[in-house]
Amino acid sequence: MTTIAATASVLPDWSDVQVASARLAGQALRTPVLRSPEMDAWVGAQVYFKCENLQRTGAFKFRGAFNALARFDAGQRKRGAVAFSGGNHALGMALAGQILGIPVTVVMPHDAQASKVDAARRCGAHIVFYDRRTDDREAITRELSEAHGLTLIPPYDHADVIAGQATVTRELIEEVGPLDAIFASQGGGGLLGGATLVTAALAPGCKVYGAEPVTGNHGRQSLQAGRIVHIDPPETIADGARAQHLGALTFALLQRGVTEIVPVEDAMLVACMRRFAQAMKLVVEPTACLGLAAARYGGLPIKGARIGVIVTGGNIDLPRYLGLLQET
Ligand SMILES: *Cc1c(COP(=O)(O)O)cnc(C)c1O
């Protein structure tokens with residue numbers, strides 16, 4: 001790990017990604033990389049889809065969560081972990097905790113998707129609800145952490161979480177060889193920051209594009225301003241990308257390794273959800289369509305290029321999914 005002098009935060013590096021891959025072997029699925037001639041034609045490039053919607057818990061977040069929990073010492077394991085998340089990080093933590101025998105508490109909003117709450121419960125997680133409008137979830141989580149000695153694992157700004165998420169990009173590049181560009185959704189930047197570690201080590205010429213909702217484009221603003229920009233909670237159907245700011249670690253990684261962050265509109269996400277369903281028979285949640293939308297609509301110079309698109313998750317309640325597909 002390398003230390004950033006100014007902040008004393010510790011950035012993960014390639015060796016941390018290698019360690020994470022070893023920890024995740026036999027735990028995280030090596031998800032398939034799928035192709036579709038119809039998608040290639042639609043995007044105008046050769047597209048390799050890394051399908052983390054088929055990962056355990058239905059999203060890549062299991063990787064970071066497991067990698068973080070697997071490093072706990074005996075005392076931490078006994079006391080347990082706490083996380084705040086409306087969805088996929090909560091699920092990843094719940095399953096990782098169940099596998100490792102570590103008690104996990106997740107702080108979720110009252111209006112979280114029912115299927116996610118149920119799935120976290122089935123893994124034995126203890127759930128604490130909060131009100132999105134009136135409560136401060138980070139404060140609630142901190143209090144739980146202090147009162148019960150629980151180790152807080154944040155959803156993105158944590159070296160072990162970032163290194164775990166990086167294994168997605170590593171598997172993709174190892175499987176298909178050098179790519180001209182990689183596209184990934186960006187919320188708090190854990191997945192994207194991890195991708196920069198991998199391209200720097202394995203594919204230095206590969207461009208790295210992040211994709212975020214146009215209504216919540218704090219990542220793009222931050223890279224332009226050269227500092228972490230905070231925004232109000234964005235209105236978007238991409239509920240996994242409602243982070244309001246990057247973290248110290250993810251910002252440093254993105255600044256160093258991301259080519260550009262592409263703004264995406266909700267209507268583009270819906271168009272991509274339909275394409276995934278029709279062309280590839282894949283159920284993909286709105287947030288996980290950001291990468292494809294950026295490749296299809298971003299106006300970037302990728303014609304005929306070999307590009308990787310990370311399909312980050314597939315967790316969406318069916319009524320909501322059907323409603324979005326039917327919108328005209
Ligand atoms: C969390 C999440 C993202 C964003 O990941 P970050 O590491 O926060 O940038 C994208 N897609 C899905 C499905 C997610 O759950």
Side-chain angles (χ1 to χ4, degrees), residues 24 28-43 45-64 87-89 91-92 116 156 164-176 179-187 189-192 194-195 198-199 206 208-213 236-241 262 264 266 268-298 300 302 305-317 320-321 324-325:
L24 288 170
L29 297 176
R30 201 177 172 99
T31 52
V33 177
L34 300 182
R35 301 209 53 199
S36 155
E38 193 178 329
M39 282 292 204
D40 284 2
W42 193 57
V43 176
Q46 301 170 57
V47 192
Y48 296 82
F49 292 97
K50 176 67 170 166
C51 293
E52 287 291 301
N53 57 323
L54 305 177
Q55 183 53 261
R56 297 179 79 177
T57 73
F60 70 89
K61 292 250 180 20
F62 171 68
R63 295 173 183 260
N88 291 332
H89 179 57
L91 291 187
K116 289 189 179 169
Y156 53 87
Q165 322 303 33
T167 61
V168 177
T169 307
R170 180 184 186 184
E171 288 174 16
L172 171 62
I173 291 181
E174 285 185 346
E175 182 161 336
V176 306
L179 291 165
D180 299 311
I182 284 190
F183 290 81
S185 319
Q186 174 238 305
L191 178 70
L192 193 59
V198 178
T199 53
C206 180
V208 181
Y209 293 107
E212 66 183 354
T236 171
I237 60 170
D239 52 352
V262 182
V264 170
D266 280 2
M268 299 171 182
L269 299 178
V270 173
C272 291
M273 285 171 69
R274 289 204 186 103
R275 287 278 161 173
F276 274 123
Q278 284 192 312
M280 302 182 73
K281 325 305 170 201
L282 291 177
V283 175
V284 181
E285 65 182 279
T287 313
C289 291
L290 284 164
L292 175 61
R296 171 64 178 80
Y297 299 107
L300 298 164
I302 54 166
R306 280 163 48 84
I307 67 170
V309 168
I310 299 173
V311 183
T312 51
N315 290 325
I316 179 164
D317 283 347
R320 181 162 174 254
Y321 182 66
L324 286 170
L325 291 191

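No hydrogens, no waters, no symmetry mates; every other heavy atom, side chains included, goes into these values.
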Discussion item. As a quick check of understanding, evaluate side chain to side chain contact (heavy atoms under 4.5 Å, CB included) for I237 and R320, giving each step before the final call.
Written reply: CA-CA 10 Å; I237 60 170; R320 181 162 174 254; 3.9 Å; yes
Fill in: Atom CD of E174 with >12 non-hydrogen neighbours under 6.0 angstrom
yes
Would you mind reporting whether [Y] and [X] have side-chain heavy atoms less than 4.5 Å apart?
{"X": "V198", "Y": "L172", "result": "no"}
{"X": "L91", "Y": "K116", "result": "yes"}
{"X": "L324", "Y": "L269", "result": "no"}
{"X": "D180", "Y": "I302", "result": "no"}
{"X": "V284", "Y": "F49", "result": "no"}

[X] versus [Y], closest heavy-atom pair with distance:
{"X": "G164", "Y": "L24", "result": "O-CD1, 4.1 Å"}
{"X": "Y209", "Y": "A181", "result": "CE1-CB, 3.9 Å"}
{"X": "L282", "Y": "C51", "result": "CD1-SG, 3.9 Å"}
{"X": "I307", "Y": "A295", "result": "CD1-CB, 3.9 Å"}
{"X": "P213", "Y": "A238", "result": "CG-CB, 4.1 Å"}
{"X": "I316", "Y": "M273", "result": "CD1-CE, 4.2 Å"}

Worksheet item: Are F183 and V43 close enough, and set up right, to give a side chain to side chain contact (heavy atoms under 4.5 Å, CB included), and what steps lead you there?
Response: CA-CA 13 Å; F183 290 81; V43 176; over 6 Å; no
Discussion item. Quick check against the 3.5 Å criterion: does Q165 have a side-chain atom that pairs as donor or acceptor with the backbone of G64?
Written reply: yes
Item to complete: Just jot down the ring pair (Phe, Tyr, Trp, His ring centres under 6.0 Å) partners of F60, sequence neighbours excluded, or say none.
Response: none
Worksheet item: What pairs with Y156 under ring pair (Phe, Tyr, Trp, His ring centres under 6.0 Å), at least two apart in sequence or on another chain?
Response: none
Going by salt bridge (charged side-chain N to carboxylate O under 4.0 Å, His left out), name the residues that satisfy it together with [X], two or more places apart in sequence or in a different chain.
{"X": "D40", "value": "R35"}
{"X": "R306", "value": "none"}
{"X": "R56", "value": "none"}

Of all residues at least two apart in sequence or in a different chain, which pass the side-chain contact (heavy atoms from CB on, under 4.5 Å) check with [X]?
{"X": "A59", "value": "N88, N315"}
{"X": "A271", "value": "Y297"}
{"X": "R275", "value": "E38, M39, W42"}
{"X": "A184", "value": "L191, L192, I310"}

What side-chain donor-acceptor pairs closer than 3.5 Å can you find for residues 286-293, not counting sequence neighbours?
| unit_1 | atom_1 | unit_2 | atom_2 | d |
| --- | --- | --- | --- | --- |
| T287 | OG1 | D239 | N | 3.3 |
| T287 | OG1 | G240 | N | 2.8 |

Worksheet item: Which residues pass the side-chain hydrogen bond (donor to acceptor under 3.5 Å, both in side chains) test with T31, sequence neighbours left out?
Response: K50, E52
Fill in: Set of side-chain hydrogen bond (donor to acceptor under 3.5 Å, both in side chains) partners for T167, sequence neighbours left out
R63
Worksheet entry | Spatial distance of atom CG (L54) from atom CZ (R30) [nearest 0.5 Å] | 15.0 Å
